[in-house]
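In what follows, a single structure is set out as structure tokens and then discussed.
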Amino acid sequence: QVQLVESGGGLLQPGGSLRLSCAASGSIFSIDVMCWYRQAPGKQRELVASIGSGGSTNIVDSVKGRFTIYRDNAKNTVYLQMNSLKPEDTAVYYCNVVARAYDKTSYNNYWGQGTQVTVSS
């Protein structure tokens, strides 16, 4: 199995910065795509950023230029650096990983428990 543990959420003022981390552990054979999603109250969960195994990234337009996704393959960890935060960035942020465990023959989706980010003055 693969477990994801997120950290780094919190409460901060507009314009501030925060870094989210998501560490994957367990019987991991390989990790493919690593993503960050978010879900604001009353809204659908949306993809914020993704990074492939080779390092290629995709960022949603609403956070482009402010958020950066990167990964440390040696630590099986993905990060989301968030700068110039706005109140509309307030949401629960979820880590999502496509990975293959040693006892599986295919890749599966795994989700973290979510971490709250609140941007408010």
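Residue numbers run from 1 in the order of the sequence given.
- Note on L12 and V63: same hydrophobic cluster, where clusters join Ile, Leu, Val, Met, Phe, Trp and Tyr whose side-chain heavy atoms are under 4.5 Å apart, directly or indirectly.
- In this structure, F67 and L85 have side chains that are in contact, with non-hydrogen atoms separated by less than 4.5 Å.
- To the nearest 0.5 Å, atom CG of residue D32 and atom CZ of residue R100 are 12.0 Å apart.
- G114 and V92 get closest at one heavy-atom pair: CA-CG1, 3.9 Å.
- Between the CD atom in Q81 and the CD1 atom in I69 there is a gap of 12.0 Å [rounded to 0.5 Å].
- Side chain of R71 to main chain of G52: a donor-acceptor pair is present (N/O by atom type, distance under 3.5 Å, no hydrogens or angles).
- Linking Ile, Leu, Val, Met, Phe, Trp and Tyr whenever their side-chain heavy atoms come within less than 4.5 Å puts W36 and Y110 in one cluster.
- Rounded to the nearest 0.5 Å, atoms CG (L18) and OG1 (T115) are 8.0 Å apart.
- Residues I51 and V60 share a single hydrophobic cluster, defined by chaining ILVMFWY side chains whose heavy atoms lie under 4.5 Å apart.
- Separation of atoms CD1 (I59) and CG (L47) is listed at 9.0 Å; rounding is to 0.5 Å.
- At least one donor-acceptor pair closer than 3.5 Å links the side chain of R66 to the backbone N or O of S84.
- In terms of modelled atom types and a separation under 3.5 Å, the side chain of S27 and the main chain of Q1 share a donor-acceptor contact.
- A continuous path of Ile, Leu, Val, Met, Phe, Trp and Tyr side chains, each step under 4.5 Å between heavy atoms, connects L20 with L4, placing both in one hydrophobic cluster.
- V117 has its side chain within reach of M82: a pair of non-hydrogen atoms, C-beta onward, lies under 4.5 Å apart.
- Taking 4.5 Å as the limit, every side-chain heavy atom of N73 sits out of range of all side-chain heavy atoms of I31.
- Across K43 and Q39, no two heavy atoms sit closer than the pair O-NE2, 3.1 Å.
- Partners of Y79 under the ring-ring contact (aromatic ring centres under 6.0 Å, His included) rule, at least two apart in sequence or in another chain, are Y70.
- In this model, a donor atom of one side chain and an acceptor atom of the other lie less than 3.5 Å apart for Y93 and R38.
- Side-chain contact between S120 and T90 is absent, with no heavy atoms from C-beta onward closer than 4.5 Å.
- Between E88 and V119 there is no side-chain heavy-atom pair separated by less than 4.5 Å.
- The distance from the CG atom of N96 to the OG atom of S50 is 10.0 Å, given to the nearest 0.5 Å.
- Taking hydrophobic clusters as Ile, Leu, Val, Met, Phe, Trp and Tyr residues chained together by side-chain heavy-atom distances below 4.5 Å, I28 does not share a cluster with Y107.
- For the pair R45 and Y37, the cation does not sit on the ring face, since its NZ or CZ is not both under 6.0 Å from the ring centre and inside 45° of the axis.
- Between C95 and W111, the closest side-chain pair of non-hydrogen atoms is not below 4.5 Å.
- The shortest distance between side-chain heavy atoms of S7 and V5 does not fall below 4.5 Å.
- With rounding to the nearest 0.5 angstrom, the CG atom of D72 is 10.5 Å from the OG atom of S21.
- Remark: side-chain polar atoms of E6 are not paired, donor with acceptor, to backbone N or O of C22 under 3.5 angstrom.
- Partners of K86 by salt bridge (Lys or Arg N to Asp or Glu O under 4.0 Å), not counting sequence neighbours: none found.
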